[in-house]
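FYI, side chains are in, hydrogens and waters are out, and symmetry mates aren't considered; it's all heavy atoms of this structure. It should be emphasised that the depicted structure is a prediction, and the values quoted were computed from it without experimental measurement.
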Amino acid sequence: QVQLVESGGGLVQAGGSLRLSCLASIHTFSVYAMGWFRQAPGKEREFVAAIDRSAISTYYADSVKGRFTISRDNAKNTVYLQMNSLKPEDTGVYFCSADGNINAVQRGLSYYWGQGTQVTVSS
């Protein structure tokens, strides 16, 4: 079966950094586009970043451009989200997702989702 497991979340002070990882138990990881979404308390889920299967194209929400970087290591079946200059408004549960169609990933319509990892940024 397909399983996505996020890790790397935690508590960090504003201005700090975290790197999230998502390990995918997908037989042919390299054919999937991957993405990150987040959901803050009392807020709707929002798109954060996406990356195509070859890591040629990346996409970011305006709110994280210049601060977050999405990357992938197809040999390790892993996608990463490097988060720098963190702000309290970055607090939320971060989910990774996978789909064969990067447009579906960007729209939050991925077939596969992880369980989420909590990121808390203190003021």
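- Evaluated for a side chain to side chain contact (heavy atoms under 4.5 Å, CB included) with D99, the options W113, Y111, Y112 yield exactly one hit, Y111.
- For the atom pair CD of E46 and CD of Q39, the computed distance is 9.5 Å after rounding to the nearest 0.5 Å.
- For the pair S30 and N74, the tightest heavy-atom approach, listed with the atom from each and the gap, is CB-ND2, 3.7 Å.
- Cluster membership for V2 and V31, using ILVMFWY side-chain heavy atoms within less than 4.5 angstrom, is shared.
- To the nearest 0.5 Å, atoms CG (L4) and CG (L23) are separated by 8.5 Å.
- Minimum heavy-atom separation, L81 to A49: CD1-CB, 4.2 Å.
- Side chain of S25 to backbone of Q3: a donor-acceptor contact under 3.5 angstrom is found.
- Rounding to the nearest 0.5 Å gives a distance of 7.0 Å between OH of Y60 and CD1 of I51.
- A chain of hydrophobic side-chain contacts below 4.5 Å, direct or via other Ile, Leu, Val, Met, Phe, Trp or Tyr residues, connects F68 to V119.
- Residue C22 holds its SG atom at 10.0 Å from CG of N77, rounded to the nearest 0.5 Å.
- F47 and M83 are members of different hydrophobic clusters when ILVMFWY side chains are connected at heavy-atom separations under 4.5 Å.
- Residues D90 and R38 are in side-chain contact: their nearest non-hydrogen atoms beyond the backbone lie under 4.5 Å apart.
- Note that the CD atom of Q106 and the CZ atom of F37 stand 8.5 Å from one another [nearest 0.5 Å].
- Remark: side-chain polar atoms of R72 are paired, donor with acceptor, to backbone N or O of D52 under 3.5 angstrom.
- Listed for the E6 side chain is a donor-acceptor partner under 3.5 Å among the backbone atoms of G116.
- The CD1 atom of I26 lies 5.5 Å from the CE atom of M34; values are rounded to the nearest 0.5 Å.
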Verdict with reasoning, W36 to V79, per side-chain contact (heavy atoms from CB on, under 4.5 Å) | CA-CA 9 Å; W36 289 95; V79 63; 3.9 Å; yes
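- More than 12 heavy atoms of other shown residues, nucleotides or ligands fall within 6.0 angstrom of atom CZ in R67.
- Here the closest non-hydrogen pair linking S21 and T78 is CB-CG2, 4.3 Å.
- Of all non-hydrogen atoms in S97 and S110, the two that sit nearest each other are OG-OG, 3.2 Å.
- Considering every non-hydrogen atom in both T91 and A40, the closest pair reads O-CB, 3.4 Å.
- Salt-bridge formation is detected for the pair K65/D62: a Lys NZ or Arg NE/NH1/NH2 atom is positioned less than 4.0 Å from an Asp or Glu carboxylate oxygen.
- The shortest heavy-atom contact between Y94 and L20 is CB-CD1, 3.6 Å.
- Put simply, F29 and I102 are part of two different groups of oily side chains (I, L, V, M, F, W, Y) that touch within less than 4.5 Å, one to the next.
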